[in-house]
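Have a look at the structure below, then the notes.
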Amino acid sequence: QALVDKMLDMAKVTAQDYLIDLGSGDGRTVITAARRGLRAHGIEYEQRMVDLAKQNATAAGVSQRATFVKADLFESDFSSAQVITMFLLPAINMRLRPTILNMKPGTRVVSNSFTMENWQPDESATVTDECASYCTAHLWIVPAKVAGTWQLPQGALTLTQEFQMVSGTLGAVAIAEGRLRGDEIAFSAGNSKYTGRVDGNTMRGTIAGGGAWTATRR
């Protein structure tokens, strides 16, 4: 339970979020989210666990906000969630990874213990109190897709993307410290620090020290 609480804290859940738990088991994560005021939904392959989770939600008094379904994760649509939680083996995480990466930028994804290989977490935390095993949570923020060439008044911005990490050039200058957090982008070029937001084929933001910038995808 301590780790479930940590996972929800890391995702900064609010009552406006819709959470989907992949592999919801006895329903603990969904029920905890519902107690925080969220609408939460669990997808589980074993019917007996779905039945148990529904009983637990009823006992907790949150069955209106906590729902469960028996379904195959790989045939389920969870694209409407703002928060995804999961406690799944790494091989399953990797099968789900392409689908997760195509979710809306900014979607928060939290895993109990298991990683997504070379997609490094944006944040990890380990619970030391009231947890004996499986005590680490990993958070990823689904990044916007920015790879390619963008046009700025300062020149062409050519970006290469590996998950949330970004490299490339602005004109003839190599960019540094390039990173995405959802639709937020930040990078340095020369002595200038750029921050902004990605909106489809447009990026706009500010330059540290003063000034604004806009880029359009070619």
### Query
Are Thr32 and Gln1 close enough, and set up right, to give a side-chain hydrogen bond (donor to acceptor under 3.5 Å, both in side chains), and what steps lead you there?
CA-CA 9 Å; Thr32 303; Gln1 182 62 48; 3.1 Å; yes
### Query
Do Arg36 and Asp5 meet the salt-bridge criterion of a basic N to acidic O distance under 4.0 Å?
yes
### Side-chain heavy-atom pair Phe114, Ile92 within 4.5 angstrom cut-off
no
### Task
Using a 4.5 Å cut-off on heavy atoms from C-beta on, say whether the side chain of Leu22 contacts that of Leu96.
yes
### Task
Evaluate the criterion salt bridge (charged side-chain N to carboxylate O under 4.0 Å, His left out) for residue pair Lys104 and Asp183; output intermediate values, then yes/no.
CA-CA 9 Å; Lys104 183 179 178 181; Asp183 64 356; over 6 Å; no
#### Entry: Leu139 side chain near Pro121 side chain, heavy-atom distance below 4.5 Å
no
### Message
Applying salt bridge (charged side-chain N to carboxylate O under 4.0 Å, His left out) to Asp122 and Arg179, what does each step give before you reach the verdict?
### Response
CA-CA 10 Å; Asp122 290 287; Arg179 192 175 181 97; 3.4 Å; yes
### Query
How about Thr107 and Gln82: does a side-chain donor come under 3.5 Å of a side-chain acceptor?
no
### Message
When you compare the side chains of Arg218 and Asn201, does any donor N or O come within less than 3.5 Å of an acceptor on the partner?
### Response
no
### Between Glu177 and Ser188, a side-chain donor and acceptor under 3.5 Å
yes
### Query
Is there a side-chain contact between Tyr194 and Ile175, using heavy atoms and a 4.5 Å cut-off?
no
### Query
Under a 4.5 Å cut-off applied to non-hydrogen side-chain atoms, are Phe163 and Gln120 in contact?
no
### Message
For Ala144, is there any backbone N or O sitting under 3.5 Å from a side-chain donor or acceptor partner on Gln161?
### Response
yes
### Query
Nearest 0.5 Å, what's the CG-CD distance between Leu3 and Glu130?
12.0 Å
## Note on the structure
For Ser63 and Thr58 the tightest heavy-atom approach is CB-OG1, 3.9 Å
### Message
Hydrogens and angles aside, do Thr126 and Thr136 bring a side-chain donor and acceptor to less than 3.5 Å of each other?
### Response
yes
### Task
For His138 and Ser124, test the side chains for any donor-to-acceptor distance below 3.5 angstrom and give the result as yes or no.
yes
### Close side-chain approach of Asp26 to Ile31, heavy-atom, < 4.5 Å
no
### Query
Are Thr216 and Trp150 close enough that some pair of their side-chain heavy atoms sits under 4.5 Å apart?
no
### Message
Within the 3.5 Å criterion, strictly below it, is a donor on Trp119 or Gln164 matched to an acceptor on the partner's side chain?
### Response
yes
#### Entry: Any donor-acceptor N/O pair, Asp17 side chain to Leu38 backbone, under 3.5 Å
no
